[in-house]
**Q** 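Just dropping this structure here.
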Amino acid sequence: MSIRINDADFTRLTKFMLEKYGINLTQKRTLIEGRLSNTVQQRGFADFTSFLNMIFADRSGTEMINLLNKLTTNHTFFLREQEHYDFMKDVALPYFEKTKKDHKISVWSAACSSGEEPYTNVMALLEYFGMKSAIWRIEHLATDISDRAMTKAKEAIYHEDSMKNLPDSWKRKYFTKQPNECFKVSPEVTKLVTYKTFNLMEPIPYKAYPYDIIFCRNVMIYFENDTKIAVVKRLYDVLAPGGYLFIGHAESITRDTTKYQYIKPAIYRKPLPEELK
């Protein structure tokens, strides 16, 4: 039988998640109960109160990380939101190919989940540059708040159900067959992705910026407005002039709170300095 969370526990959990991680779960009571009820019982607790007491008392942080993993894991798959990759191929990458004399392109997947997004990004880059990939330096950072997501991403093994959107040629070129209808991403792709655990609420510490392309998709739907504005600004600050930000199609950026140039739904561009005059 599912265990219900009382109002006091619901309030203290959602308040903590909002203040610490910027994640708004105040409308997600059913999600919280659905994802945690079995864990509460399996861990031997009779209610959410004692379960949360244990988590907040754990000074190692391990229990809180486990909680985050359960509450923030999202369903994802390869080549999600095809429109973004069409835009990359038709507009963004031709622009960078023309303007970047150092032949270096830097991409950041800021909420990469279990790795399907960054690996799709790298495959799209390799496909676009083709034989010219040898003269291009592709640097791809992938971050997520979930350690469990990082572990799965680094393993780079996926069930074929998550690959349904991929062209057959990509499957043949960039994957090797594994047992149980699974496939492993090839070293040609995985070697180009660096994984780091990161909370988007914190200052951005990475020195590889400015980034030419940033993906931050389907994570800001959990943020309250002030948090979203702050995250969008931090991403703007580390995006190269002329670079592109891709967000989820269920998300938007309020135009009067940002300097981004709106391109089309879920695609924004950082203007060049002369365009701001």
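FYI, side chains are in, hydrogens and waters are out, and symmetry mates aren't considered; it's all heavy atoms of this structure.
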**Q** Under the rule for ring-ring contact (aromatic ring centres under 6.0 Å, His included), what residues qualify as partners of Phe48, not counting sequence neighbours?
**A** none

**Q** Examine Tyr268 together with Tyr244 and report whether their ring centres are nearer than 6.0 Å.
**A** no

**Q** What heavy-atom pair brings Ile5 and Glu33 nearest, and what distance separates the two atoms?
**A** N-OE2, 3.0 Å

**Q** Looking at Arg80 and Glu117, is any side-chain nitrogen of the basic one under 4.0 Å from a carboxylate oxygen of the acidic one?
**A** no

**Q** Are more than 12 heavy atoms from other residues, nucleotides or ligands located less than 6.0 Å from atom NZ of Lys177?
**A** yes

**Q** Report yes if the side chains of Glu83 and Lys264 come closer than 4.5 Å at any heavy-atom pair, otherwise no.
**A** no

**Q** Decide, yes or no, whether a salt bridge links Arg29 with Asp7 under the criterion of side-chain N to carboxylate O below 4.0 Å.
**A** yes

**Q** Return the minimal non-hydrogen interatomic distance between Ile157 and Lys152, and the atom names on each side.
**A** O-NZ, 3.2 Å

**Q** Around atom NZ of Lys173, are there more than 12 heavy atoms from other residues, nucleotides or ligands closer than 6.0 Å?
**A** yes

**Q** When the side chains of residues 246-253 are checked against the rest of the protein, which donor-acceptor pairs come out under 3.5 Å, sequence neighbours left out?
**A**
{"from": "His249", "atom 1": "ND1", "to": "Glu81", "atom 2": "OE2", "distance (Å)": "2.6"}
{"from": "Glu251", "atom 1": "OE1", "to": "Asn218", "atom 2": "N", "distance (Å)": "3.1"}
{"from": "Glu251", "atom 1": "OE1", "to": "Gly248", "atom 2": "N", "distance (Å)": "2.6"}
{"from": "Glu251", "atom 1": "OE2", "to": "Asn218", "atom 2": "N", "distance (Å)": "3.2"}
{"from": "Glu251", "atom 1": "OE2", "to": "Val219", "atom 2": "N", "distance (Å)": "3.0"}
{"from": "Glu251", "atom 1": "OE2", "to": "Met220", "atom 2": "N", "distance (Å)": "2.8"}
{"from": "Glu251", "atom 1": "OE2", "to": "Ile221", "atom 2": "N", "distance (Å)": "3.2"}

**Q** Could I get the full list of salt bridge (charged side-chain N to carboxylate O under 4.0 Å, His left out) partners for Lys89, not counting sequence neighbours?
**A** none

**Q** Considering residues, nucleotides and ligands other than Lys171, do more than 12 of their heavy atoms fall under 6.0 Å from its NZ?
**A** yes

**Q** Test Ser50 against Asp47 for side-chain hydrogen bond (donor to acceptor under 3.5 Å, both in side chains), laying out the working first.
**A** CA-CA 6 Å; Ser50 50; Asp47 50 45; 2.8 Å; yes

**Q** May I have all residue pairs that pass ring-ring contact (aromatic ring centres under 6.0 Å, His included) and include part of residues 11-41, sequence neighbours excluded?
**A** Phe16-Phe56

**Q** Are Ile263 and Phe87 close enough that some pair of their side-chain heavy atoms sits under 4.5 Å apart?
**A** yes

**Q** Suppose we screen for ring-ring contact (aromatic ring centres under 6.0 Å, His included). Which residues come up paired with Phe78, at least two apart in sequence or across chains?
**A** Tyr158, Phe175

**Q** More than 12 heavy atoms of other residues, nucleotides or ligands under 6.0 Å from CG of Asn180: yes or no?
**A** no

**Q** Can you see which heavy atom on Ile135 is nearest to which on His103, and at what distance?
**A** O-CB, 3.2 Å

**Q** Do Pro167 and Leu79 touch side chain to side chain, with heavy atoms closer than 4.5 Å?
**A** yes

**Q** Could you see if Ile213 belongs to whatever hydrophobic cluster contains Leu200? Use Ile, Leu, Val, Met, Phe, Trp, Tyr and a side-chain cutoff under 4.5 Å.
**A** no

**Q** Asp144 pairs by side chain to side chain contact (heavy atoms under 4.5 Å, CB included) with which of Ser114, Cys112, Pro118?
**A** Cys112

**Q** If you draw a 6.0 Å radius around CD in Gln82, do more than 12 non-hydrogen atoms from other residues or ligands fall strictly inside?
**A** yes

**Q** For atom NZ of Lys184, decide whether the heavy atoms of other residues, nucleotides or ligands shown that lie under 6.0 angstrom number more than 12.
**A** yes

**Q** For Arg234, give me all partners under salt bridge (charged side-chain N to carboxylate O under 4.0 Å, His left out), at least two apart in sequence or on another chain.
**A** none

